[in-house]
Protein chains: 2
Amino acid sequence: MTTEHEQDPVHCAISDALSVLGDRWSLLVVRDVLRGINRFDSLQDSLHIARNILAQRLASLEEAGVLVKSPIKPNGKRMCYNPTPKCLGLIPVLVSLIDWTANWSSEEQKRWAKVIDKTTGEEVKIGIVDNNNNPIPMSQLSIQF
Amino acid sequence: MTTEHEQDPVHCAISDALSVLGDRWSLLVVRDVLRGINRFDSLQDSLHIARNILAQRLASLEEAGVLVKSPIKPNGKRMCYNPTPKCLGLIPVLVSLIDWTANWSSEEQKRWAKVIDKTTGEEVKIGIVDNNNNPIPMSQLSIQF
DNA sequence: CTCATGAGTTTTATTTTGAAACTAATTTAT
DNA sequence: ATAAATTAGTTTCAAAATAAAACTCATGAG
């Protein structure tokens, strides 16, 4: 794959993102790390992912600059994985995925993302707004990637 | 240790979303359909995806209610795939992925998502906002998935 | 009617994933 | 201090998913 076509719509910002995140597990690992689950075995317990695949994903997320791997105690061998600023940058992706499911799934238990402004304690939301910060309904949008 | 997840980590809104979208291609198909590329062969040309995989993804996106498949002319055999409202609901996901890449990739050609309000022609933006729709910096956020 | 196009399906090879067992180092318990 | 249990993976092998190409078979254009 990844052949070099001159006019290549596959090579765009979305596919760049998906080359790191476009699989069944990566975003769930990111979610767990943001939740504070940062050890190999706790992640495996939480996700029930195959251990070899987890090792692979952690390595690729580290290489992508999304996680940092560091020993728990200096020079130790026990590791932990923590979120980088680039990882925090994925919060809008996670929130919009959660809200999409909440909005559009027919399931009983609709879970909304809850994001809190630490300074006010207030709940915040993700959305599309115009220059005056007024929300705009989705049906009114046209997208140009 | 933040053991404050009262939510089921295995079956959550994110993994629900990823069971439809969590692969290499689905979101790129969605992007193309939103762009107006809605025929099997044009999608294949655009994405260089294997034809059997494309057929699979289109079927699963249709089953998920993201796309509708319909004949171009009544009772015809030539088909086209078009976005449902649920598909439009993915715009924030796509936009936040694009913006993430633009913000955090080291590449030269950073592409920002451009979303336009069809009624005004004005460009709009996606972000995390408080109840007054004012944007909030990422560092101020705490998440509870 | 003929030929090119559209929308897939089939076939086969390659890659990725998953489950389980296996290391080797490191804590913890006795 | 020694034994037992944890941690953080790796290895192995089977099963599933993906890719590339060839193959249908109906339709539309000329």
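Residue numbers start from 1 in every chain, and the chains themselves are labelled A, B, ... in the order their sequence lines are given, proteins ahead of strands.
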Whole-Å distance separating the CG atom of B:Leu54 from the P atom of D:dA20: 13 Å

Given atom CZ of B:Phe40 and atom P of D:dA26, what is their separation to the nearest angstrom? 18 Å

Is a donor-acceptor pair below 3.5 Å formed from side chain B:Arg51 to base D:dA19, judging by atom type as modelled? no

If only side-chain N and O atoms of A:Trp25 are considered, is one of them under 4.0 Å from the OP1 or OP2 phosphate oxygen of C:dG18? yes

Note down the inter-axis angle between the two ends of the helix from C:dC1-D:dG30 to C:dT30-D:dA1, five pairs each, to the nearest 10°. 30°

Work out which heavy atom in B:Val129 is nearest to a heavy atom in A:Val124; give both atom names and the distance. O-CB, 3.2 Å

In whole angstroms, the gap separating C1' of D:dA16 from CG of B:Asp23 amounts to 14 Å

Taking OP1 and OP2 of C:dT23, is either one under 4.0 Å from a side-chain nitrogen or oxygen of A:Lys77? no

Rounded to the nearest 0.5 angstrom, the CG-CG distance for B:Leu47 and B:Leu28 is 6.0 Å

Which part of the nucleic acid, if any, lies within reach of A:Arg39 when heavy atoms closer than 4.0 Å are counted: base, sugar-phosphate only, or nothing? sugar-phosphate

Is there a path of hydrophobic side-chain contacts, each under 4.5 Å between heavy atoms, that joins B:Leu61 and B:Met79? no

Expressed in angstrom and rounded to an integer, what is the separation of B:Asp45 atom CG from C:dA7 atom C1'? 13 Å

In whole angstroms, how far is the P atom of C:dG18 from the CZ atom of A:Arg24? 8 Å

Once you apply a heavy-atom cut-off of 4.0 Å, does B:Gln56 come out as touching a base, just sugar-phosphate, or nothing? sugar-phosphate

Atom CD1 of B:Ile49 and atom C1' of D:dA21: how far apart are they, to the nearest Å? 16 Å

5'-most contact on DNA chain C (nearest-nucleotide basis), B:Tyr81 vs A:Arg78, goes to B:Tyr81

With respect to the phosphate group of C:dG8, does any side-chain polar atom (N or O) of B:Lys69 fall under 4.0 Å of OP1 or OP2? yes

B:Thr101 side chain to A:Asp16 side chain, donor-acceptor N/O pair below 3.5 angstrom: no

Please determine if B:Arg57 and B:Asp23 form a salt bridge, counting it only when a charged side-chain N lies under 4.0 Å from a carboxylate O. yes

Whole-Å gap separating C1' (D:dG9) and CG (A:Asp41): 9 Å

If you measure from CD1 on B:Ile49 to CD on B:Gln56, what distance do you get to the nearest 0.5 Å? 9.0 Å

Expressed in angstrom and rounded to an integer, what is the separation of B:Ile53 atom CD1 from C:dT16 atom P? 13 Å

Start with the C-alpha gap between B:Asp41 and B:Arg51, add the side-chain angles, then the distance that decides, and say whether salt bridge (Lys or Arg N to Asp or Glu O under 4.0 Å) holds. CA-CA 9 Å; B:Asp41 275 23; B:Arg51 304 173 73 77; 3.1 Å; yes

Just compare D:dT18, C:dA19, C:dG8 and give me whichever is closest to any side-chain atom of A:Ala50. C:dA19

